[in-house]
Amino acid sequence: MTDFLFAPPPVPGLPVVGSAQRFPVRTIYAFTGTYGPNRPEPSVFTKSTQSLAANGATVPMPPRTALFEPEIELVVAIGAPARDIANARGARDAVFGYAVGLDLTRRDLQRAARNAGQPWDMAKTFEGASPIGALHRAGDVGHLERGTITLDVNGGRAQTGDLEEMSWSPLNLVALLSKYVTLQPGDLIFTGTPSGEVQLRPGDSLLGQIEGLTDLRVAIGAALA
Ligand code: MN
């Protein structure tokens, strides 16, 4: 028996390395402007949980874009409620683990929205816009503060950096976000991307890698009919 008019959509989830149980996803946050020296406080936006894509997925070419681009990012998964965290050390207790993610972006829509002072949600949320690989528990891999992060497209290096190049470390981003919202178990945080731009087209193969984490592989498919 149910009070719903139709079947509620399934809870989106991520696999957890070493576990048969999945991590249920609640809200996806995403920071921008975190890499490079002396960056000001970064801004944050959200991506729909319905935009999640699994490791190995084929993401359909999204409509209404002439400049589709990937952003390779470390994703932090929240495992405990937290608000108003004072600092990076204090953020550790809120973190469940880490994964490799891609913040897929309709760059032309993002730039047009930004230039017009309008919201850029449609640049960031569409079918398959948020591929994320398996989560590794912080207890297994530690709290990631350095290590190479790379994206290859069709075997060529498209983006490269190191987590230690972040002005705002992953744990500092957790603390910052907790000053705006109460973080809850199931929340995911994209932590920004290193430099490097490449245009994606149907047929492309993407390989995202962060030292110590499971590789993330995604293909770009044809546009939806
Ligand atoms: Mn991003």
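First listed ligand is number 1; within each ligand, the first listed atom is number 1. Computed from a predicted structure; not experimentally measured.
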*Minimum-distance pair of heavy atoms, taken over all atoms of P62 and F68*: CD-CE2, 3.4 Å

_Cut-off under 2.8 Å, centre the Mn ion (ligand 1), protein N/O/S atoms_ = E71 OE1, E73 OE2, D103 OD2

*Hey, could you give me each pair passing salt bridge (charged side-chain N to carboxylate O under 4.0 Å, His left out) that has a residue in residues 75-84? Not counting sequence neighbours.*
D84-K179

*What pairs meet the side chain to side chain donor-acceptor pair (under 3.5 Å) rule with one or both residues in residues 94-110, with sequence neighbours excluded?*
K47-D103, T65-D108, E69-R107, E71-R107, Y98-H143, D103-K124, T105-K124, R107-Q110

*State whether the side chain of Q199 and the backbone N or O of A66 hold a donor-acceptor pair below 3.5 Å, judged by distance alone.*
yes

*Write out all pairs satisfying side chain to side chain donor-acceptor pair (under 3.5 Å) with one or both partners inside residues 13-26, taking only residues at least two apart or from two chains.*
R26-D187

*Closest heavy-atom contact between A134 and A99?*
O-CB, 3.4 Å

